[in-house]
Amino acid sequence: MIRVYNTSSRQKEDFITIDPNVARIYVCGPTTYNYIHLGNARPLVVFDTIRRYLIYRGYKVIYVQNFTDVDDKIINRANEEGVEAHELAQRYIEEYFKDADALNVMRADKYPKVSEHIPEIIQVISTLVEKGHGYVRESDVFFGVATFPEYGKLSGRSLDDMLSGARVEVDARKEQPVDFALWKKAKPGEPSWESPWGKGRPGWHIECSVMSTKYLGMTFDIHGGGADLIFPHHENEIAQAEAFSDRPFVKYWLHNGFITVNREKMSKSLGNFFVVRDILDKYPAEVVRLYLLSTHYRSPLDFDNTKLDEAGKALDRLRNSRAILEEAMVKAEKVAGLPADVELAREIADLGAKFVEAMDDDFNTALAFSQVFNLARLINRYLAGGIINSLGTLEDAARLFDDFLEVLGLNLKTVADDASERVDESVVGEIILDLVEFRKKARQEKDYRTGDLLRDLLYNNGISLEDYKEGSRVKFESEPVLSSLMADILALRADLRKEKAFTRADQLRDILNQYEIVIDDTREGSSWRFKA
RNA sequence: GGGCGGAUGGCGAAGUGGAAACGCUGCGGUCUGCAAAACCGCCAUUCACCGGUUCAAAUCCGGUUCCGCCCUCCA
């Protein structure tokens, strides 16, 4: 049984969907006037992981995330830049997808935008006015909070609390200070739409009430977002939706905690935010994802580079273990019933159950990760100990490993995959020139054997050399490719090391090290990778 | 002022009544021409403080100290 912490009841509840085996989820998306920052990325990754887990547990998940593309901040920013508001919003929606895709966030089933749902919004506001929940003042429409007795049930505060502690400057036209806008009269130069109350645009909260229920039904299972949306945004969504439909709006309210910097909330207003795009320049996306999931989603998560460094090392551990397992599967034999295998099979089943138990308990990704690391250690220990490995057992381990990674949305890209992304041709070119220099020195030291081997190597990679007394002329016949160049260099080093020409082998290693390329020599052979 | 949450090893972080997960760091070891990497092992008698309940408390109750968040656009 999955248990979820419901903000509404402030406790964990059994997760029972309205329709068996179908989970309908709505998550508040960003206002698209800028690149998303890390604080925006947390709910993306958190709710994506929840979605993945529900799929893993056999649910059909219908996932909707909105874009707020009509908003003061968008309008202001567009005016500053001298572009149309909708153009600006569209541009940052496209930028949003670049970041979200990098973080391996599954695409939602629907991305509704405010600008495309104006008729539906007007319809709902009209009904609210007819039912007495909304009132019109000079082309503005407000929601009368006093008409909805349950107002405050999500955020756990009473109307009296709010009235006494109100810090809002009161709009004299409001009946109550806490009343909020459903429809805002257009100011000159703003995007606006015709309505029964004159030209204007929707208030912030109404879009989510309207769009979520349009795609998911009047009552749906999960509504998610950052904890800062609990009040007033989600409180107001409930008031609007339930006053409109007279039915419960949402069954489970889930809210993620904040990212903090030096223990202060990361936010646009404080200016202490880090843009995802910049972080992804420095760290692989899967490292960022692991970092975001290393803490329970409701806890605060402090940002600092050392945490990302740690996450990177932790991820290496998983990557290595998975790679070792893959190699072992190639060499494994189809035997069964070995004592070590029986033991391993038992422990694999145990870890699988513990992973599910962790995720069942309000999506405890931190605890789930501990099981992934335990699996990695289990595999490493097993492979270190056994001479004969049973293919079937290894396949079971690999399947479980991959299931874990799929749920957590982690891609363990191989070094070769990574290489194509990180390297540009100029680096390869510089390496080639260094190799030519290296060859020159070897020849000056009368080491013609190494020199000849290098000429062959370079020729294989599309570079021909013409030796003259004063030096060598380098001709690039075709574009060298790092992966094949590296394979050849490793082969050359193997040759040199076999001949005990360690000095030359080490010199090659040093050259590559300058390009952040690390050579690892092991008993089985050598491999290369980029410095973390 | 009102509402909510937190305090766990050198660092990060799970754990809501019964032997303190996991990651990083550190230390020891295996491997190795060397280096690096990788792998294995070890590292909290103790959970902010005080008192209480209980056979049993990091976990429940009361109090104290400190910290964060919401009440205004914010994920």
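All of these numbers come straight from a predicted model, not from anything done at the bench. Residue numbers start from 1 in every chain, and the chains themselves are labelled A, B, ... in the order their sequence lines are given, proteins ahead of strands.
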Interatomic distance, Asp362(A) atom CG to His296(A) atom NE2 [nearest 0.5 angstrom]: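 Output value for this atom pair is 4.0 Å.
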From NZ (Lys113(A)) to CG (Asn66(A)), nearest 0.5 Å: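 Lys113(A) NZ to Asn66(A) CG: 11.5 Å, rounded to 0.5 Å.
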Contact class for [X] vs. all strands (heavy atom < 4.0 Å): base, sugar-phosphate, or nothing?
X: Gly224(A); result: nothing
X: Ala314(A); result: sugar-phosphate
X: Leu270(A); result: nothing
X: Arg263(A); result: sugar-phosphate
X: Phe502(A); result: base
X: Arg377(A); result: sugar-phosphate
X: Gly156(A); result: sugar-phosphate
X: Asn380(A); result: sugar-phosphate
X: Leu367(A); result: base
X: Asn320(A); result: sugar-phosphate
X: Ile259(A); result: base
X: Thr295(A); result: sugar-phosphate
X: His255(A); result: nothing
X: Ser321(A); result: nothing

In the strands shown, is [N] matched to any nucleotide by a Watson-Crick or G-U wobble pair with both distances under 3.5 Å, and which?
N: G68(B); answer: C4(B)
N: A58(B); answer: none
N: C73(B); answer: none
N: U46(B); answer: none
N: C24(B); answer: G10(B)
N: C34(B); answer: none

Where the side chain of [X] is defined as all heavy atoms beyond and including C-beta, which of [options] is the nearest nucleotide?
X: Pro43(A); options: A75(B), A14(B), G23(B); result: A75(B)
X: Met266(A); options: A75(B), A36(B), A14(B); result: A75(B)
X: Arg529(A); options: A36(B), A75(B), G23(B); result: A36(B)
X: Phe231(A); options: A75(B), C70(B), C11(B); result: C70(B)
X: Asp506(A); options: G2(B), C34(B), G23(B); result: C34(B)

Cation over ring face, Arg51(A) and Tyr63(A), 6.0 Å, 45°: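 Here Arg51(A) passes the 6.0 Å and 45° test against Tyr63(A).
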Arg24(A) to Tyr215(A), cation-pi by 6.0 Å centre distance and 45° axis angle: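 No.
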To the nearest Å, how far apart are [X] [atom1] and [N] [atom2]?
X: Asn236(A); N: C70(B); atom1: CG; atom2: C1'; result: 14 Å
X: Arg381(A); N: C31(B); atom1: CZ; atom2: C1'; result: 18 Å
X: Leu378(A); N: A21(B); atom1: CG; atom2: C1'; result: 15 Å
X: Phe404(A); N: C22(B); atom1: CZ; atom2: P; result: 14 Å
X: Lys265(A); N: G6(B); atom1: NZ; atom2: C1'; result: 17 Å
X: Leu383(A); N: C31(B); atom1: CG; atom2: P; result: 18 Å
X: Arg509(A); N: G33(B); atom1: CZ; atom2: P; result: 12 Å
X: Asp361(A); N: A21(B); atom1: CG; atom2: P; result: 17 Å

If the [atom1] atom of [N] is compared with that of [M], how far apart are they to the nearest Å?
N: G18(B); M: G29(B); atom1: C1'; answer: 36 Å
N: A14(B); M: C47(B); atom1: C1'; answer: 13 Å
N: G2(B); M: A21(B); atom1: C1'; answer: 38 Å
N: A44(B); M: C39(B); atom1: P; answer: 22 Å
N: A7(B); M: U64(B); atom1: C1'; answer: 14 Å
N: A38(B); M: C24(B); atom1: P; answer: 9 Å
N: G9(B); M: U45(B); atom1: C1'; answer: 13 Å
N: U8(B); M: C50(B); atom1: P; answer: 16 Å

Closest-nucleotide 5' rank along RNA chain B - winner of Ser267(A) and Leu318(A):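 Result of the comparison: Leu318(A).
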Thr31(A) or Asn364(A), whichever maps to the more 5' nucleotide of RNA chain B: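 Of the two residues, Asn364(A) wins.
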Does [N] have its OP1 or OP2 closer than 4.0 Å to a side-chain nitrogen or oxygen of [X]?
X: Lys313(A); N: U25(B); value: yes
X: Arg317(A); N: C40(B); value: yes
X: Lys307(A); N: G23(B); value: no
X: Thr503(A); N: C34(B); value: no

Arg10(A), CZ atom: more than 12 neighbouring heavy atoms under 6.0 Å: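 Count over threshold, so yes.
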Side-chain heavy-atom pair Tyr291(A), Leu38(A) within 4.5 angstrom cut-off: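 Yes - at least one pair of side-chain heavy atoms lies under 4.5 Å apart.
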Donor-acceptor pair under 3.5 Å, Ser155(A) side chain vs C70(B) base: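 In this structure, the two groups form no donor-acceptor pair.
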Check: Glu310(A) side chain, G23(B) base, donor-acceptor under 3.5 Å: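 Looking at the base of G23(B), it does pair with a donor or acceptor on the side chain of Glu310(A) (distance under 3.5 Å).
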Geometric class of the Tyr297(A)/Phe363(A) ring pair [parallel <30°, tilted 30-60°, perpendicular >60°]: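 Phe363(A) vs Tyr297(A) ring planes: tilted.
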N/O donor-acceptor pair under 3.5 Å between Glu286(A) side chain and Leu103(A) backbone: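 It does not hold such a pair.
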Minimum heavy-atom distance between His255(A) and Arg298(A), given as atom pair plus value: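 Residues His255(A) and Arg298(A), closest heavy atoms: O-CG, 3.5 Å.
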Short side-chain donor-acceptor distance under 3.5 Å, Arg377(A) and Asn374(A):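 A pair is found: one side chain offers a donor N or O, the other an acceptor, under 3.5 Å apart.
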